[in-house]
Protein chains: 2
Amino acid sequence: MDQSKNILKRNGLSITEGRKLILEIFLQSMGALSHADIEKSASVSLDRVTIYRTLQTFVDSGIIHQIPTTDNTILYALCKDSCEAGHHHDNHVHFICMECEKTICMDEVIVPKVQLPKGFEPVNAAMVVKGMCSDCHN
Amino acid sequence: MDQSKNILKRNGLSITEGRKLILEIFLQSMGALSHADIEKSASVSLDRVTIYRTLQTFVDSGIIHQIPTTDNTILYALCKDSCEAGHHHDNHVHFICMECEKTICMDEVIVPKVQLPKGFEPVNAAMVVKGMCSDCHN
DNA sequence: GCCGAATTTGCAATAATGTTGCAAGTTTTT
DNA sequence: AAAAACTTGCAACATTATTGCAAATTCGGC
Ligand SMILES: [Mn+2]
Ligand SMILES: [Mn+2]
Ligand SMILES: [Zn+2]
Ligand SMILES: [Zn+2]
């Protein structure tokens with residue numbers, strides 16, 4: 001059965017063509033995607049606004065998570081397992097390759113805890129590593 | 001003598017009113033600033049374009065560093081000591097307060113090294129922690 | 001201090017990105 | 001199958017970013 005359909009159903013979202021399409025794009029892509037990436041790679045044309053709204057819906061539902069960047073874009077990637085609406089559990093490191101520009105979720109590499117100064121109460125932490133990915137390394 | 005002037009001189013940049021002004025804003029502010037923040041807090045009006053170009057120049061010179069965010073903005077903060085043109089050494093953790101929205105450079109908290117999968121070569125790493133700052137904590 | 005060369009600035013035009021209201025279309029529920 | 005709930009696309013608008021170029025400023029040598 002349709003994997004994308006399943007994910008939508010599991011998250012209590014209406015099953016629509018647009019949502020399935022965007023979800024397929026995520027499922028097929030290995031790396032993280034920006035709004036622009038999705039707009040480009042959509043076979044059928046999707047309205048920009050629909051993409052904005054769908055990405056927001058997916059983030060809210062815990063289907064995808066955001067990856068901070070330093071270039072006025074937001075990257076999105078599929079959440080693995082346990083994320084729920086209003087409560088993400090993604091705590092893995094993200095790797096941005098400076099050569100091929102791909103952004104990869106390193107699901108096995110957990111963001112380490114750090115000792116903060118007195119009075120600072122952490123809620124969540126993101127870590128982004130830049131460098132050369134294994135494909136580009138050779 | 002003028003601190004901002006010194007910094008510009010040390011970095012081989014022309015000393016202009018705009019650059020001094022923007023640098024003063026950074027020197028007086030404790031936290032990180034966005035383009036919009038600077039545009040607002042500039043006493044004399046500065047052209048948006050000048051601000052863009054100045055921020056880029058400062059980043060290139062190693063005067064300020066960028067902080068990744070998840071909301072389509074880039075935050076900038078003064079580099080401490082050893083950053084040079086084309087080679088930043090900022091490796092401290094950044095803290096974003098979810099209450100007061102301030103972003104703080106935690107100069108004493110170093111981004112920990114992580115073990116990456118085989119073939120991945122790190123060049124630099126950024127870590128952003130969200131939570132409650134010491135001011136807002138009580 | 002003055003002058004020419006080099007750099008920087010502001011403006012205007014343009015592009016890219018993001019938001020909102022609403023009517024029409026689709027999906028879900030009954 | 002019909003009603004209710006939700007989603008989509010369009011249009012209009014708002015915000016943010018980029019580029020070329022002429023005018024202004026700054027710098028280095030005199
Ligand atoms: Mn991820
Ligand atoms: Mn910093
Ligand atoms: Zn690569
Ligand atoms: Zn705070």
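Keep in mind that what you see is a predicted model, and the values were worked out from it rather than measured. Letters A, B, ... are given to chains in the order of the sequence lines, protein chains preceding strands, and every chain is numbered from 1.
For A/Asp47, the side-chain hydrogen bond (donor to acceptor under 3.5 Å, both in side chains) test picks out no residue, with sequence neighbours left out. Contacts of B/Asp71 classified as side-chain hydrogen bond (donor to acceptor under 3.5 Å, both in side chains), with partners at least two apart in sequence or in another chain: B/Thr69, B/Thr73.
In the 5' to 3' direction, nucleotides of DNA chain D lying under 4.0 Å from heavy atoms of chain A begin and end at D/dC6 to D/dA17. Of all nucleotides in DNA chain C having an atom under 4.0 Å from a heavy atom of chain A, the first and last in 5' to 3' order are C/dT17 to C/dT28.
With respect to the salt-bridge test (charged N to carboxylate O, under 4.0 angstrom), the residues B/Asp90 and B/Lys80 do not qualify.
A/His65 and A/Tyr76 have their aromatic ring centers separated by at least 6.0 angstrom.
Annotation: proximity of residues 46-53 of chain A to DNA chain D (heavy atom, distance under 4.0 Å) is found for A/Asp47, A/Val49, A/Thr50, A/Arg53, numbered in ascending order.
With axes fitted over five pairs at each extremity, the angle between the ends of the helix from C/dG1-D/dC30 to C/dT30-D/dA1 is 50° (10° resolution).
Of all the heavy atoms in A/Cys79 and A/Ile64, the pair that sits closest is SG-C, 3.4 Å.
Other residues, nucleotides and ligands place more than 12 heavy atoms under 6.0 Å from the NZ atom of B/Lys20.
Looking at which nucleotide of DNA chain D each of A/Arg19 and B/Leu13 is closest to, the 5′-most match is held by A/Arg19.
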Please evaluate residues A/His137 and B/Phe120 with respect to the criterion ring-ring contact (aromatic ring centres under 6.0 Å, His included), reporting the C-alpha separation (whole Å), side-chain torsions for both, the decisive distance (0.1 Å), and the verdict.
CA-CA 7 Å; A/His137 188 253; B/Phe120 287 87; 9.0 Å; no
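With hydrogens and angles ignored, the 3.5 Å screen pairs no side-chain donor or acceptor of B/Arg48 with any backbone N or O of B/Glu39.
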